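First comes the structure, then the notes that go with it.
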Amino acid sequence: MKHKILLIPVVLVLLALPVNAQHKTVLYDSTSVVMEESGLSHVINHQRIRANDFDGCRDLATVKVDYDPLSAYVEFRQVLLHHFDGTTEDVLLRVYDYVAPARLIYWGASQKMVEIGHLDPGDEIEFVTYRKGFTYALLAEDNDDKYIPPMRGHFYDIVPFWSDNPVNKKVYQVSVLTNKNLRFALYNCGNSPQCNVSIDSTVEGDRTVYTFTKDNITPLKREPRALANNDIQPKLLLSTSPDWQAKSVWFYNVNEDYGSFVPTPEVQAKVNELLASATNEHDSIAILTHWVADNIRYAGISMGPGEGYTLHNAQMNFTDRCGVCKDKAGMLVTMLRAAGFKAYAAMTMAHERIDRIPADQFNHSVCAVQHRDGSFEMLDPTWVPNVRELWSSAEQQQGYLIGLPQGADLAYTPLSAPENHYVRITANTAIGEDGTLAGQITITAEGQSDRAVRGVFSSRTDEWMRNLEYELLKIAPSARISKISHTDNDKYLSQPVSITYFFSIPNYAVVDKNTLVFTPLSARNFYSRAMSHLSFDTAPTSRTQPFADACSRLVEIKETITLPTAYKQLHFPFVNGVANPAASFGCQYWMEGNTLTFAESTLLGKRVYDPQDWPFFRQAVANQQKLASTPVILTK
């Protein structure tokens with residue numbers, strides 16, 4: 001089969017080069033894709049990149065392409081170094097193929113690299129690569145069969161029309177059989193429905209060729225804590241799959257045909273043992289979910305054919321007691337079925353939105369169990385080790401697709417109420433005449449906040465006390481801790497975490513003849529590890545990009561402070577109240593005799609926020625930050 005390379009006139013491009021401060025400029029980036037009847041695709045990519053300065057020269061000293069040998073074939077077809085003085089050097093001879101660096105998941109991914117060598121500012125690299133195959137490896141036959149995508153006969157792709165470097169011209173062309181009914185859509189276009197991407201299509205015999213072109217792609221200045229680039233910058237989704245229901249049926253069948261969820265006698269015996277004390281449906285689901293979460297270690301080693309969408313079988317998972325998300329999900333599906341439940345594998349996309357075009361928008365595998373009333377409950381044993389939830393609320397507002405025999409549509413997990421993830425700090429303290437603060441302070445937490453607080457116990461037990469002490473010492477370095485008590489971390493399912501400190505802090509308050517100056521200890525961001533919102537920069541008054549926090553959250557603080565004598569208010573910190581579904585804040589100080597009571601409440605209603613939520617979120621966070629650093633001043 002012949003393949004065309006989209007060659008763009010270099011002279012025309014160079015005449016239009018913008019002046020910029022970026023280290024590299026992509027003069028052109030063209031991709032040509034030819035899809036076969038089987039779904040196998042042949043991809044030719046042609047790029048020319050200029051080094052603008054010495055940092056750009058360093059970055060372009062090597063050109064790398066990632067691939068998985070089990071499912072993709074990659075080769076460099078041309079690599080040229082165009083020197084600034086007009087000479088050209090062929091550097092295709094220096095090509096290396098080696099195992100790619102990996103962390104946690106070791107599936108045999110590889111890289112092909114071309115060593116370019118020394119470059120000077122103004123030099124340009126031009127290269128052409130050829131690829132066939134896809135991203136994930138599935139059970140496969142020999143020869144080209146292993147390069148056919150998992151959903152045989154179909155094509156899908158995700159094409160970013162954004163870049164971290166300036167791009168003068170980007171072209172993406174795909175040739176598909178007309179009867180495949182290719183669907184496509186551009187996303188994240190703002191007020192421009194076409195994202196300034198020109199679209200052209202021509203019919204060539206039994207094929208239709210689609211060409212998408214965009215000029216002058218400018219890097220986006222990302223705002224802090226913004227969503228993934230694919231959620232806020234222009235992207236093109238293409239798929240020949242008719243809808244998500246078809247993808248759901250395929251995912252169900254590929255695992256059922258493989259026998260991924262057939263329980264072995266050993267698995268059945270373990271399920272019977274675990275459920276001996278279960279009293280109801282929820283009990284059984286929770287016991288099995290947490291057993292898988294806590295006992296199947298996360299370790300992605302290559303187990304041969306079957307990586308990717310095909311979930312390994314129960315015998316392998318139960319014997320090895322390790323795997324990645326799909327192995328944990330597969331083990332849970334198997335155990336739930338052994339217990340008599342209707343359970344299914346599901347796919348999701350952590351930290352990115354899944355859009356309506358049924359392209360391959362997944363990076364994570366989870367589990368769905370059907371209750372007797374027909375409703376589904378999502379379970380994620382990968383994200384809930386030592387977490388009281390069954391589905392991590394760090395995954396709320398996240399898309400998922402269940403593999404069902406009748407098919408399912410794309411769905412999104414709902415918001416989790418902030419009250420499900422409370423942080424409660426209560427303190428009873430007293431200030432002596434010498435300014436010493438003494439008493440006790442307790443933190444309790446639930447849901448994702450429980451997970452964050454419980455992180456102090458994530459290391460070896462002989463390090464727990466050091467970790468616990470640090471949480472108080474980092475806000476009061478001179479504190480003298482006499483005792484710390486806490487709930488049993490091994491019994492995390494029986495009750496939320498609770499930790500109590502008994503302490504004294506010399507010279508905490510400034511006491512003179514007539515005034516008393518101090519900041520309530522509970523207001524000073526005690527256990528900030530459970531309040532990720534405090535790390536937001538509240539200086540910007542507006543945002544144009546959506547943003548995300550770790551989870552919805554409720555923070556409730558109350559401290560009763562016994563004073564050395566009777567005082568009256570001279571200065572209490574003032575903050576503006578906030579009342580909005582996205583974020584709210586309230587605080588109060590009141591005095592009765594020689595007792596001052598301080599109370600504060602911060603409610604954050606989402607995980608993913610819209611730009612218009614920022615003024616309320618910002619004010620609530622700024623208020624809590626202000627109260628943490630602004631003292632109370634009392635006078636006799």
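Source: prediction; values computed, not measured.
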Report task. Consider only side-chain N and O atoms of Ser601 and Glu556, and report whether a donor and an acceptor are under 3.5 Å apart. Result ->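 Distance-only check fails for Ser601 and Glu556.
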### Task
Would you tell me whether Asn188 and Arg353 have side-chain atoms, one donor and one acceptor, within less than 3.5 Å of each other?
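On atom types as modelled, these side chains qualify, holding a pair under 3.5 Å.
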(request) Inspect the contact between Arg607 and Asp549 and indicate whether a charged nitrogen and a carboxylate oxygen are less than 4.0 angstrom apart. (result)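 Looking at Arg607 together with Asp549, the answer is no, because their closest N to O distance does not fall below 4.0 Å.
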message: If the threshold is 4.0 Å, N to carboxylate O, is there a salt bridge linking Arg466 and Glu469?
response: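 No salt bridge links Arg466 with Glu469.
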[X] ring center near [Y] ring center (under 6.0 Å):
{"X": "Phe362", "Y": "Trp244", "answer": "yes"}
{"X": "Phe585", "Y": "Phe616", "answer": "no"}
{"X": "Phe617", "Y": "Phe547", "answer": "yes"}

Which residue in the set Tyr501, Tyr492, Phe457 passes ring-ring contact (aromatic ring centres under 6.0 Å, His included) when paired with His486?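 For His486, the ring-ring contact (aromatic ring centres under 6.0 Å, His included) test succeeds with only one of Tyr501, Tyr492, Phe457, which is Phe457.
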task = Tell me, with the steps shown, if Leu336 and Leu379 meet side chain to side chain contact (heavy atoms under 4.5 Å, CB included).
result = CA-CA 11 Å; Leu336 286 166; Leu379 310 169; 3.8 Å; yes
*So how far is it from Met378 CE to Ile402 CD1, rounded to the nearest 0.5 Å?*
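Between atom CE of Met378 and atom CD1 of Ile402 there are 5.0 Å.
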To the closest 0.5 Å, what do you measure between CD (Gln396) and OH (Tyr412)?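 Going from the CD atom of Gln396 to the OH atom of Tyr412 covers 14.0 Å.
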Discussion item. So if I apply the side-chain hydrogen bond (donor to acceptor under 3.5 Å, both in side chains) rule between Arg388 and each of Gln495, Glu446, Gln448, His290, which one comes out positive?
Written reply: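 In the set Gln495, Glu446, Gln448, His290, the residue that makes a side-chain hydrogen bond (donor to acceptor under 3.5 Å, both in side chains) with Arg388 is Glu446.
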